[in-house]
Amino acid sequence: MFADLPLKDQSSSPLLLGGELKFKKTSPLSSTSGRLWNQYYHRRFIHSTGTSIRYGLMGSVTITVIIILIVTSYLFYGPSSPTLARTPPQVDFRCHSFPTAKHRFYHHLRGYHRVHDHSSFNSQSNLSSKVSPEIHLDSKVLLFVESRYSHFGRLLIECLEAIRIKFKLEILGKNLPMLTNSDKGRFAVIIFENLEKYLYMHKWNRDILDKYCREYNVGIIGFYPSNNMNSHDSKRSEESYTLKGFPVEVIEGVQISNYHIRMESPILRIAKAGYLHHGPLTSRNFTVFRTNDSNYEYLTQALIYDPELVNQNDSSPPSSREVVSTIVQDRGTIDGIQRVLFSTGFDFWVHQMLFLDALSYLSHGKFSRPLRGYIVIDIDDIFVGEPGIRLKPPDVKALIKTQERLRAMIPGFRFNLGFSGKYFHRGNRDEDLGDDALIENANNFWWFCHMWGHSQPHLTDNLTILEAQFQANKDFAEQNKLPLSSGYSIAPHHSGVYPVHEPLYEAWKKVWDIKVTSTEEYPHLRPDRLRRGFIHRGIMVLPRRTCGLYTHTIFIDKYPDGRKRLDNSIFGGDLFYSFVFNQFNVFMTHMSNYGNDRLGAYTFESVISFLKCWTNIQLETIPPLELATKYFQTYPGEVDPVWMNPCKDKRHLSIWSANKSCKRLPDFLIIGPQKTGTTALYSFLLMHPSIQSSYPSPKTFEEVQFFNGKNYNEGLDWYMNFFPEFKENSTKIYLFDKSATYFDGELVPMRAYSLLPDAKIVTILINPIKRAYSWYQHVCAHQDPVALNHSFFEVISANEESPKPLRDLRNRCLNPGCYANLLEKWINFYSPRNLTIIDGDELKVDPVSILNRLQKFLGIEPILDYGDYLRYDSQKGFFCMIGPKNETKCLGRGKGRTYPPLDQESEKYLHKFYLPYNVALSKLLNRINQPLPQWLEEELSAI
């Protein structure tokens with residue numbers, strides 16, 4: 001059944017840094033029948049001058065028949081037919097990392113075959129002594145950038161985001177950020193985008209920073225500013241000078257040769273030592289460091305290359321060259337501070353990887369990326385494709401051979417094939433034989449289901465239709481004895497996975513018992529470095545990655561922007577760094593990438609070879625269910641999804657059900673806190689004919705409480721069902737969600753902003769002492785046993801040795817009143833222009849003025865004069881609503897209840913407790929141009 005097609009190199013590629021790729025030029029495609037006809041033509045119609053008309057007619061008929069045969073062959077066999085044979089590119093990569101043959105003995109003697117464990121390195125020496133256990137550091141980086149828009153600063157941010165390292169971004173000014181929190185250091189590594197900002201820092205700040213680094217064993221990474229360091233002008237004059245305060249010379253505008261990573265460096269962890277480039281590297285000019293001080297160690301090393309002194313054969317003696325480096329390690333033996341200095345940015349492919357190793361080393365392993373990596377390669381749509389581009393028997397044989405070669409480098413490797421049974425045997429004759437070959441060799445692969453007809457699940461809300469699609473595919477799998485035990489599935493075009501289409505998840509569970517899927521859409525397609533996983537309805541969703549190959553990238557000579565772009569991604573570019581940045585990689589490829597020019601095989605064999613050459617990352621392939629379990633054990637913080645607004649992402653909107661609308665999302669939120677008057681405000685707003693709240697919840701009454709607690713995991717559809725549907729051309733109705741627990745919810749600001757980035761935020765503040773006491777009385781009225789058994793003072797003065805139930809009640813009394821801290825979290829996401837703060841005391845005594853201002857803030861039309869709708873009730877002591885028959889409608893008995901006076905001991909304790917928070921609140925309100933409530937002015941004036 002299998003017959004190998006002739007394989008020849010098709011195109012050429014430039015020399016690869018760090019290895020060699022050799023490609024041969026191939027001749028253009030030609031047809032045997034075409035060549036025969038050319039010979040016939042010249043012989044019969046040019047060189048035979050005395051021929052008859054009869055032979056001419058016969059020749060014309062012959063030409064027509066041959067053309068018909070060629071066109072028929074092309075249409076029947078496709079562009080990859082033997083008649084029009086193409087040559088897939090071949091992997092021809094030569095590794096130059098150590099140990100090579102001449103280095104192996106030296107490498108073994110010195111023990112550098114071991115990967116360095118940076119958690120065992122003391123930052124003030126290279127000895128294997130544990131870092132002092134008394135030193136406490138947060139796993140966070142302090143990053144100083146030139147500006148928020150600087151190019152290299154953005155690259156550093158993207159790198160830290162990709163590797164999931166938390167960081168604080170600072171633009172260096174007169175003052176440093178706070179470096180410690182109690183006895184704990186806030187930052188484990190400090191990075192300067194511009195090394196000169198550190199060298200020429202104000203002496204006061206420099207002393208503080210250096211003292212912090214010494215006391216907490218914190219290292220510094222600095223990048224020398226790129227003064228024309230990317231210049232390709234070989235005639236640029238060489239300049240040199242000494243770094244301020246360091247015995248290191250900077251040389252700009254030089255060319256180098258024999259550029260390599262030194263095996264002696266203790267910094268190496270991910271990266272392997274070796275020659276990045278043999279001979280002169282003349283394509284650009286470099287900025288390099290030079291030092292003879294023994295306290296400094298080169299991480300990379302090269303020789304200055306001068307074409308006027310060194311001939312083209314590079315035969316001059318080594319003594320005529322100078323040893324330099326692009327990355328120098330300050331071992332910290334002089335001033336007790338370890339530093340890693342880069343003379344250039346990330347323009348050379350290996351520097352980004354060495355930057356990660358420097359982070360790992362200087363943080364004592366806090367930022368060490370695990371060297372065990374996992375890979376699954378999905379081949380989607382294995383039977384889906386137009387005739388002419390599908391797999392043929394030789395392609396299936398080549399796929400198996402590719403799998404065997406990859407398995408030699410990756411333990412357990414298997415391709416994971418996705419199928420839609422409806423398209424089985426939909427190609428030409430050879431392609432149908434290719435389908436048969438896949439079935440005959442089914443046990444060589446893993447298999448997973450798509451939809452039977454490759455349709456997009458979000459296009460129907462009918463669960464029965466989705467179940468029928470999955471069942472048809474399941475029947476096909478059983479008839480053809482496909483091995484299906486992975487519990488894995490992919491929806492066509494990622495439809496319905498995210499944004500979530502609930503019927504898809506239900507049908508998956510019912511028909512296939514799916515436990516794992518993956519998508520490139522969460523939280524967004526781009527940037528891909530921010531893709532994450534989540535779990536919904538018991539199905540684990542993994543982030544899916546692309547490799548530069550799509551359904552249309554099937555021929556190397558037609559690759560977008562040329563072959564060089566693909567090779568750049570493979571050899572030290574985006575695809576290579578997908579493995580460096582991510583421990584878990586699920587790649588999306590397509591059937592057509594393994595036929596035609598077989599770019600899938602070329603791409604992955606090349607990148608895995610390059611990865612094994614230059615990194616210590618050890619890849620392994622495990623089944624999808626096992627992979628997903630490991631993923632969420634590694635990243636437990638990703639279990640809960642973050643619901644984004646589908647209408648803010650065109651791609652998400654295109655795979656979201658047409659029956660859903662963002663008009664069912666609220667325009668504003670009343671966030672609390674509790675016991676400040678939110679229920680009264682809620683009731684007053686509902687009197688407006690253009691304002692409508694969420695529907696009541698059977699469990700939490702007028703509050704949905706979606707963004708905090710378990711309700712968030714119910715999903716976006718669940719939340720939207722609490723709001724009414726509106727026709728496209730209907731009058732604007734302003735929707736709102738009032739949930740007083742939102743104010744102090746830890747994740748609520750982020751979740752709310754993700755879904756409702758344009759929403760207005762309304763909060764009510766009263767004296768925090770009054771709020772705390774009101775909350776205590778509230779839980780007493782609800783028969784809370786802890787409150788009933790303890791006085792108010794006993795609750796608020798509970799310490800960390802008190803029973804947990806008492807401490808929990810203390811926190812619920814006190815924490816929501818720390819207004820400044822909590823408002824800061826909201827301002828971190830929402831603009832202050834989207835936030836209004838209502839004085840709770842004013843709401844009680846003059847609600848009409850408050851509501852008139854609030855309507856203008858919210859942009860409500862028409863403006864309602866609440867003076868006609870509210871009336872003061874002397875018995876209740878506050879304003880109530882006026883009913884349709886002019887009757888007074890007040891809130892329930894639980895609202896406005898009278899409490900015993902607050903005892904002086906508790907009041908004095910709370911005054912002292914809340915004083916710093918009230919001072920911080922006044923500063924915050926002044927900063928965001930919000931007026932100070934009357935109660936806050938009174939509290940501060942009493943100091």
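What's counted below: heavy atoms across the whole structure, side chains too, no hydrogens, waters or symmetry copies. All values derive from a computational prediction rather than experimental measurement.
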For [Y] together with [X], are the ring centres under 6.0 Å from each other?
X      : Y      : value
Phe793 : Tyr909 : yes
Phe857 : Phe668 : no
Tyr712 : Phe706 : yes
His688 : Tyr869 : no
Phe792 : Tyr776 : yes

Inspect the surroundings of [atom1] in [X] and state if more than 12 heavy atoms from other residues, nucleotides or ligands are less than 6.0 Å away.
X      : atom1 : result
Glu887 : CD    : yes
Lys166 : NZ    : no
Trp718 : CH2   : yes

**Item:** Salt-bridge contact Arg927-Glu824 (side-chain N to carboxylate O under 4.0 Å)
**Value:**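 Looking at Glu824 together with Arg927, the answer is yes, because their closest N to O distance falls below 4.0 Å.
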**Request:** Could you tell me whether Arg812 and Asp808 have a side-chain N and a carboxylate O separated by less than 4.0 Å?
**Result:** no
**Prompt:** Aromatic rings Phe829 and Tyr753: how do their planes relate, parallel, tilted or perpendicular, breaks at 30° and 60°?
**Reply:**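 Ring orientation, 0 to 90° scale: tilted.
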**Request:** With the side chain counted from C-beta on, respond yes when Tyr522 and Phe534 share a heavy-atom pair under 4.5 Å apart, and no when they do not.
**Result:** yes
**Message:** If I compare all heavy atoms of Cys662 with all of Trp656, which pair ends up nearest, and what's the gap?
**Reply:** SG-CZ3, 3.8 Å
**Message:** Among Leu823, Ile671, Thr836, which residue satisfies the side-chain contact (heavy atoms from CB on, under 4.5 Å) criterion with Ile761?
**Reply:**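 Considering Leu823, Ile671, Thr836, a side-chain contact (heavy atoms from CB on, under 4.5 Å) with Ile761 is found only for Ile671.
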**Prompt:** How would you list all residue pairs meeting side chain to side chain donor-acceptor pair (under 3.5 Å) that involve residues 139-149, not counting sequence neighbours?
**Reply:** Glu146-Asn194
